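Report on the structure given below.
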Amino acid sequence: MNLIGCVYMLYLAIKIMGSKPADSQENKVNHYSFLFGFTLQFINPKVILYGLTALSVFILPHTQSQQELILYSLLLTLIGISANLTWALGGRLFQRFLIKYERPFYISMGVLLICTAISFIK
């Protein structure tokens, strides 16, 4: 299984390093919208795992009260929204840098992915 994962990571690294800059893509059409992203979050496996893990491991062993479960669920929602906004802010802050150095960034990320894949072989 390590070998399959390693080969897949090498494939991804090659695709990343060979990708063209965003401004060179022809017929660029944006099919995404706020509604699409909003509905996608309801089937996002990371969000589902986050909620299930937090509830089952950290909350349910300590309380069974319906009011406390609602409060904890609201708290988990607030934490999730904060994390998502942090990623959006980070993307916004680094956007100008990543556009300016897009090609070197792709190459460095590809090289790091190759190093990671090689480390799994050992």
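Just so it is clear, the model here is predicted, and its values are computed rather than measured.
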Item to check | Summary of ring pair (Phe, Tyr, Trp, His ring centres under 6.0 Å) pairs that have at least one residue in residues 79-101, sequence neighbours excluded | outcome: Phe97-Tyr101
Next on the checklist: With heavy-atom distances below 4.5 Å as the criterion, would you say the side chains of Leu52 and Val57 are in contact?
Outcome noted: no
Checklist entry - Do Leu113 and Phe120 belong to the same hydrophobic cluster, where Ile, Leu, Val, Met, Phe, Trp and Tyr are linked whenever their side-chain heavy atoms lie under 4.5 Å apart, directly or via other members? => result yes
Checklist entry - Got a sec, which residues hit side-chain hydrogen bond (donor to acceptor under 3.5 Å, both in side chains) with Gln66, two or more places apart in sequence or on another chain? => result none
Checklist entry - Given the rule in the side chain to side chain contact (heavy atoms under 4.5 Å, CB included) test, do Ile43 and Ile48 qualify, once you have shown the distances and angles that lead to the verdict? => result CA-CA 7 Å; Ile43 58 170; Ile48 294 170; 5.5 Å; no
Item to check | Closest contact, heavy atoms only, Ser56 versus Pro61 | outcome: O-CD, 3.4 Å
Next on the checklist: To the nearest 0.5 Å, what is the distance between CD1 on Ile118 and CE on Met9?
Outcome noted: 10.0 Å
Checklist entry - Is a donor on one side and an acceptor on the other found under 3.5 Å between the side chain of Thr53 and the backbone of Tyr50? => result no
Item to check | Closest non-hydrogen atom pair, Ala13 against Gly110 | outcome: CB-O, 3.5 Å
Checklist entry - Would Leu76 and Ile59 count as a side chain to side chain contact (heavy atoms under 4.5 Å, CB included) if you check the C-alpha gap in whole Å, the side-chain angles of each, and the deciding distance to 0.1 Å? => result CA-CA 10 Å; Leu76 289 174; Ile59 297 170; 3.8 Å; yes
Checklist outcome for this item: OH of Tyr72 to CG of Leu60, rounded to nearest 0.5 Å, is 11.0 Å
Item to check | Contacts of Thr63 that satisfy side-chain hydrogen bond (donor to acceptor under 3.5 Å, both in side chains) - sequence neighbours left out | outcome: Glu68
Item to check | side-chain hydrogen bond (donor to acceptor under 3.5 Å, both in side chains) partners for Arg96, two or more places apart | outcome: none
Checklist entry - Is the backbone N or O of Lys20 less than 3.5 Å from a side-chain atom of Arg103, with the two atoms forming a donor-acceptor pair by type? => result no
Checklist entry - Can you hop from Met109 to Leu98 via hydrophobic side chains spaced under 4.5 Å? => result yes
Next on the checklist: Assigning hydrophobic clusters by single linkage (Ile, Leu, Val, Met, Phe, Trp, Tyr; side-chain heavy-atom cutoff under 4.5 Å), is Leu112 placed with Tyr11?
Outcome noted: yes
Next on the checklist: Rounded to the nearest 0.5 Å, what separates atom CZ in Phe105 from atom CD1 in Ile16?
Outcome noted: 9.0 Å
Item to check | Co-members of Leu89 in a cluster of I, L, V, M, F, W and Y side chains, linked at under 4.5 Å | outcome: Leu93
Checklist entry - With hydrophobic residues grouped by side-chain heavy-atom distances under 4.5 Å, do Leu55 and Leu75 end up in a single group? => result yes
Item to check | Gap between atom OG of Ser19 and atom OH of Tyr106 - 0.5 Å precision | outcome: 4.5 Å
Checklist outcome for this item: Residues at least two apart in sequence or cross-chain that pass side-chain hydrogen bond (donor to acceptor under 3.5 Å, both in side chains) with Ser65, listed by chain then number, are Gln67
Item to check | Distance (rounded to the nearest 0.5 Å) between Ile121 CD1 and Asn2 CG | outcome: 9.0 Å
Checklist entry - Looking at OG1 of Thr116 and CG of Leu12, how far apart are the two atoms once the value is rounded to the nearest 0.5 Å? => result 11.5 Å
